[in-house]
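Notes to accompany the following structure.
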Amino acid sequence: MNVVILGANGFIGSHLSERILAETDWTVSALDLHAHHLEHCLTDPRFVFRKGDLLAESAWIEEQIRAADVVLPLVGIAQPAYYVKNPLYVFELDFEQNLKIVRMCVTHSKRVLFPSTSEVYGLCPDKELSEDESLLVLGPVSKMRWIYSCSKQMMDRVLAAYGQERGLRFTCFRPFNWTGPRLDEPADAERGTARVITQFLFNLVHGRPLHLVGGGRQRRSFTSIHDGIDALLAIVRNERNNLDGEILNIGNPANQASVKELAHLVRDAAAAYPKYAPLAAAAVIADIPEDDYYGKGYADVQHRVPSIAKAERLLSWRPKRTLEDIVRDTVHYYLGDGGAWA
Ligand code: UDP
């Protein structure tokens, strides 16, 4: 099997690339602006890497897609701070640039696996969010936060339409707060634009407060990147040939926590490292209003729990790692010996 991964150096792309090379005999054609998370992959003859972006590398990308069995367009922005600050860029990259790739897959009749998002459910009040039944509920246009959700939802619909009218073979997967090593870069945390767990860790290490946006009562279902990649590999394999046209939530409903609970878990995990124990003991966990942290265009989601019945049924997959495993794994990557921020 020949797999094309666009955005291979990213959080999902780098873990997927590594696991493909370690566990299969497939070849990977990979594109990214950077390669610092791919050091184990670059030396493998089954891994072909091209440095560049989606805009400039169209010809190369089309050549790879022509020779591909499966295409994963993973380039995109997925940090809420950017939805508010750079909404046009989010639309142009996440939707417009990726649409170009989707159309290449249509032209060359290639199977595409597209990252949708748990954000598409928006403010849906369902206790468990279901791929084929839950309503997708967004706030007003003045709340820029929803441009990401809306762009992703539109792509889900475009893929489904290409499936119906042009026979495109596609599967969408919706990550629910996938978390683990390499989730965010230090520069993101420095700017205050990282995802919650890495932002907490960075702030703790730099003696800054851990901010609970809007009081920290909002809850998420955290999913280990390793469980996510297990699911993704099963989707690529498609052993039962039952995934065309399907949308799958990939999350862990058992790993629910409020942002406030997460702050305490992160502080406790950091305290286990002698070098960081004093910083953990001194760490301040403080409420901050939404507008002060993200600006006026922000709106939060209070509750987000996936139904994973469909993924369990179609993939014979089930997430295994607990929230404690996830926090330990992530904190170790950043703070452990030789860690990214140690
Ligand atoms: N959040 C927070 N403090 C931070 C960063 C984020 O309280 O320093 C909150 C944010 O408002 C959201 C939750 O943590 O409710 C998860 O944010 P994240 O950016 O990780 O992803 P989301 O699940 O919102 O896409």
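Since the structure is predicted, the reported quantities are computational estimates derived from the model, not experimental observations. FYI, side chains are in, hydrogens and waters are out, and symmetry mates aren't considered; it's all heavy atoms of this structure. In listed order, ligands and their atoms are each counted from 1.
Below 30°, between 30° and 60°, or above 60°: for Y273 and Y276 the angle between ring planes is above 60°, a perpendicular geometry. Aromatic ring pairs are classed by plane angle as parallel below 30°, tilted from 30° to 60° and perpendicular above 60°; the pair Y83 and Y148 is parallel.
Only the side chain of N177 comes within 4.0 Å of ligand 1, judged by heavy-atom distances. Contacts with ligand 1 closer than 4.0 Å are made by side-chain heavy atoms of E119 only, the backbone lying farther away. With a 4.0 Å cut-off on non-hydrogen atoms, V213 touches ligand 1 through its backbone as well as its side chain. Contacts between F202 and ligand 1 below 4.0 angstrom, taking non-hydrogen atoms only, are absent altogether. When non-hydrogen atoms are compared, ligand 1 lies under 4.0 Å from the side chain of R220 (C-beta onward) but not from its backbone.
Residue Q79 places no heavy atom under 4.0 Å from ligand 1. The shortest separation from a heavy atom of R145 to ligand 1 is under 4.0 Å, placing the residue in contact. Heavy-atom separations between G216 and ligand 1 are all 4.0 Å or longer.
Side-chain contact check for Y82 and D94: no donor-acceptor pair (N or O, by modelled atom type) lies under 3.5 Å. A donor-acceptor contact under 3.5 angstrom links the side chains of Y121 and R174, judged on distance only. No hydrogens or angles considered: a donor-acceptor pair under 3.5 Å links the side chains of R240 and S316. Donor-acceptor pairing under 3.5 Å is recorded for the side chains of H36 and E185. Between the side chains of T193 and D188, at least one donor N or O sits under 3.5 Å from an acceptor N or O.
Near L212, the atoms of ligand 1 lying under 4.0 angstrom from a non-hydrogen atom of the residue are 7 (O). Ligand 1 places these atoms under 4.0 Å from at least one heavy atom of R304: 22 (P), 23 (O), 25 (O). Under a 4.0 Å criterion applied to the non-hydrogen atoms of Q199, ligand 1 contributes the atoms 8 (O).
The protein heavy-atom contact nearest to atom 8 (O) of ligand 1 is Y293 OH, 3.1 Å. Protein heavy atom at the shortest distance from atom 11 (O) of ligand 1 is Y298 OH, 2.8 Å. Nearest non-hydrogen protein atom to atom 9 (C) of ligand 1 is Q218 NE2, 3.9 Å. Protein heavy atom closest to atom 13 (C) of ligand 1, with residue, atom name and distance, is V259 CG2, 3.6 Å. Scanning the protein heavy atoms around atom 17 (O) of ligand 1, the nearest turns out to be V196 CB, 3.9 Å. The protein heavy-atom contact nearest to atom 6 (C) of ligand 1 is Y294 OH, 3.3 Å. Nearest protein heavy-atom neighbour of atom 15 (O) of ligand 1: D300 OD2, 2.7 Å. The protein non-hydrogen atom at the shortest distance from atom 3 (N) of ligand 1 is H211 O, 2.7 Å.
Salt-bridge check for R321 with D329: failed, with every basic side-chain N at 4.0 Å or more from each acidic carboxylate O. The pair E18-R182 meets the salt-bridge criterion, with a side-chain N (NZ, NE, NH1 or NH2) lying under 4.0 Å from an Asp/Glu carboxylate O.
Residues H226 and H15 bring their aromatic ring centres within 6.0 Å.
The side-chain contact (heavy atoms from CB on, under 4.5 Å) with I61 is formed by just one residue from the set L6, V4, V71; it is L6.
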Apply side-chain contact (heavy atoms from CB on, under 4.5 Å) to Q79 and R195, showing your working.
CA-CA 6 Å; Q79 287 108 326; R195 263 67 64 100; 3.5 Å; yes
